[in-house]
Amino acid sequence: MSEVDGERRGYQEGFSDLVPGVYDIAARRRKAETTLRVLRDYFGARLAECRVLDVGASTGIIDAYLAPHVAQLLGVDIDTKALAHAREHSQDTSAGYARADALALPVADRSIDVVICAHVYEHVPDAEQLLAEIHRVLKPGGVCYFAAGNRFQLIEPHYRVPLLSAIPRPLAHRLIRRLGIADRYHELHFSLLGLRSLTAHFRRHDYTLRLIREHERFATGYMLPRAPWLRRAIGLFAGVLYPVIPTYIWLLEREA
């Protein structure tokens, strides 16, 4: 465990028991399709030759969707129950799963073309070490698909509590206990500036605004309001609102 702001943090090894949405096949496949389209936009036909590592594979639904489109895929997670579900439902021989610590990934240096790290950094005890491990395992020119929640988001995505990630952590701990959700607020989100600092060792290819403005191309309509006029307004003002966008989608390239 590491210490953050005087607070010792550890893993939630039974996260899938707390957040049953990780078993939602339709929702997970929507996220997988967006991931696939972003990676295809970046790699083109070369994606089929890529070796992929999914850090935080959970129930394996996203990996099962992606596996037919890449050369090899390994999903790792700390959640034993979620991984058992992934193995039980895996039908693609190119996909494998392993219980592993995201801060000590069980793969060799410079051996991976694509790392998927989608809404994971806030769960680990040391986000800096997580990104250092991702940098270590990526080949030069390889990328990490990094989906990162913003601390300053209106609705906290895991527990659906307004402003939970933005308020002081002692207050967040008390609130989460009062609501009977957990013993403490385990997640730790960063602001935009914090995320930029966290990923400073990579070259960032920012897809965030494209996913908003080109929602048909990247299958991101599920992220946006249904009303066409409101979608247009969000696309128009997304650049101005960028510091408070709930989720950023970056491809983090290891340059050397």
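The main-chain N or O of Leu103 is found under 3.5 Å from a side-chain atom of Gln129 such that the two form a donor-acceptor pair. Side-chain N or O atoms of Thr35 include one that pairs as donor or acceptor with a backbone N or O of Lys31 at under 3.5 Å. Side chain of Arg231 to backbone of Pro225: a donor-acceptor contact under 3.5 angstrom is found. Although no hydrogens or angles enter the test, the distance criterion places no donor-acceptor pair under 3.5 Å between the side chain of Ser197 and the main chain of Leu193. When atom types are taken as modelled, the side chain of Tyr121 and the backbone of Phe190 share a donor-acceptor pair closer than 3.5 angstrom. Not a single donor-acceptor pair under 3.5 Å links the side chain of Tyr42 to the backbone N or O of His205. Judged by distance alone, with hydrogens and angles left aside, the side-chain atoms of Arg87 form no donor-acceptor pair with the main-chain N or O of Gly60 at under 3.5 Å. His215 contributes no side-chain N or O that, together with a main-chain N or O of Leu211, makes up a donor-acceptor pair within less than 3.5 Å. Side chain of Arg99 to main chain of Ile78: a donor-acceptor pair is present (N/O by atom type, distance under 3.5 Å, no hydrogens or angles). Between the Thr220 side chain and the Met223 main chain, no donor and acceptor come within less than 3.5 Å of each other.
Ion pairing between Asp41 and Arg217 holds under the 4.0 Å rule for side-chain N and carboxylate O. Taking the charged nitrogens against the carboxylate oxygens, Glu33 and Arg37 do have a contact shorter than 4.0 Å, which makes a salt bridge. Using a 4.0 Å cut-off between charged side-chain N and carboxylate O, Lys81 and Asp17 make a salt bridge. Taking the charged nitrogens against the carboxylate oxygens, Glu49 and Arg46 have no contact shorter than 4.0 Å, which rules out a salt bridge. Ion pairing of Asp113 with Lys139 is present here, as a side-chain N (NZ or NE/NH1/NH2) and a carboxylate O approach within less than 4.0 Å.
For the atom pair Ile134 CD1 and Leu105 CG, the distance stands at 7.0 Å (nearest 0.5 Å). To the nearest 0.5 angstrom, Ile25 atom CD1 is 12.5 Å from Ile62 atom CD1. Atoms OH and CD1, from Tyr159 and Ile181 in turn, are 7.5 Å apart once rounded to the nearest 0.5 Å. In this structure, CZ in Arg30 is found 6.5 Å from CG in Asp24, a value given to the nearest 0.5 Å. Taking OG of Ser165 as the start and CG of Asn150 as the end, the distance is 7.5 Å to the nearest 0.5 Å. To the nearest 0.5 angstrom, Arg213 atom CZ is 15.0 Å from Arg232 atom CZ.
Annotation for Leu251 and Tyr207: closest pair CD1-CE1, 3.7 Å, computed over non-hydrogen atoms. Leu130 approaches Cys117 most closely through the heavy-atom pair CD2-SG, 4.0 Å. In plain terms, the two heavy atoms of Arg136 and Ala108 that are nearest each other are NH1-C, 3.8 Å. What you find for Ala102 and Val55 is that their closest heavy atoms are CB-CG1, 3.7 Å. In this structure, Ala67 and Ala95 approach most closely via the heavy-atom pair CB-CB, 3.9 Å. When all heavy atoms of Gly56 and Val120 are compared, the pair lying nearest together is CA-CG2, 4.1 Å.
Note: the hydrophobic cluster containing Leu154 also contains Val161 (ILVMFWY, side chain heavy atoms under 4.5 Å, direct or indirect links). Ile112 and Leu47 fall into different hydrophobic clusters, where Ile, Leu, Val, Met, Phe, Trp and Tyr residues are linked whenever their side-chain heavy atoms come under 4.5 Å apart, directly or through other members. Ile249 is connected to Val143 through a chain of hydrophobic side-chain contacts under 4.5 Å among Ile, Leu, Val, Met, Phe, Trp and Tyr, so both are in one cluster. Under the 4.5 Å side-chain contact rule for hydrophobic residues, Leu209 and Leu39 do not share a cluster. Residues Phe152 and Phe237 do not share a hydrophobic cluster, clusters being chains of Ile/Leu/Val/Met/Phe/Trp/Tyr side chains in contact below 4.5 Å.
Counted by atom type alone, Tyr222 and Thr34 present one or more donor-acceptor pairs between their side chains at under 3.5 Å. Side chains of Thr59 and Arg28: a donor-acceptor N/O pair is absent below 3.5 angstrom, by distance only. A donor-acceptor contact closer than 3.5 angstrom is absent between the side chains of Ser58 and Asp77.
Ring geometry for Phe202 against His135 counts as perpendicular: the plane angle is over 60°, on a 0 to 90° scale with 30° as the lower cut. Relative ring orientation between Tyr242 and Tyr248 is described as tilted, the plane-to-plane angle lying within the 30° to 60° band. In this structure, Trp250 and Phe146 have tilted ring planes: the angle between them lies in the 30° to 60° band. Between His69 and Tyr65, the ring-plane angle classifies as tilted under the 30° and 60° cut-offs.
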- [ ] Take Leu138 and Val115 through the test side-chain contact (heavy atoms from CB on, under 4.5 Å) and record every step on the way to the result.
- [x] CA-CA 7 Å; Leu138 278 175; Val115 173; 3.7 Å; yes
- [ ] Please report the C-alpha distance between Glu128 and Leu198 in whole Å, then the side-chain angles of each, then the deciding distance to 0.1 Å, and finally whether the side-chain contact (heavy atoms from CB on, under 4.5 Å) criterion is met.
- [x] CA-CA 6 Å; Glu128 289 81 5; Leu198 180 67; 4.0 Å; yes
Task: Stepwise side-chain contact (heavy atoms from CB on, under 4.5 Å) check, Val76 with Asp54 - done: CA-CA 6 Å; Val76 298; Asp54 184 7; over 6 Å; no
Open item on the list: Checking Arg196 against Arg204 for the side-chain contact (heavy atoms from CB on, under 4.5 Å) test, could you report, in this order, the C-alpha distance in whole Å, the side-chain angles of both residues, the deciding distance, and whether it holds?
Closed with: CA-CA 9 Å; Arg196 285 174 171 165; Arg204 287 188 297 270; 3.9 Å; yes
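Residues Leu53 and Val114 form no side-chain contact, since every pair of their non-hydrogen atoms from C-beta on lies 4.5 Å or further apart. Leu175 places a side-chain heavy atom less than 4.5 Å from the side chain of Ile167. Looking at Leu131 and Leu252, their side chains come closer than 4.5 Å, going by heavy atoms from C-beta outward. Ile212 places a side-chain heavy atom less than 4.5 Å from the side chain of Ile234.
In summary, of the residues considered (Glu122, His119, Glu187), a side chain to side chain donor-acceptor pair (under 3.5 Å) with His158 occurs for Glu122 alone. Between Tyr185 and the choices Arg169, Glu156, Arg174, the side chain to side chain donor-acceptor pair (under 3.5 Å) rule is met once, by Glu156.
The local environment of CD in Glu255 is crowded, with over 12 non-hydrogen atoms from other residues, nucleotides or ligands closer than 6.0 Å.
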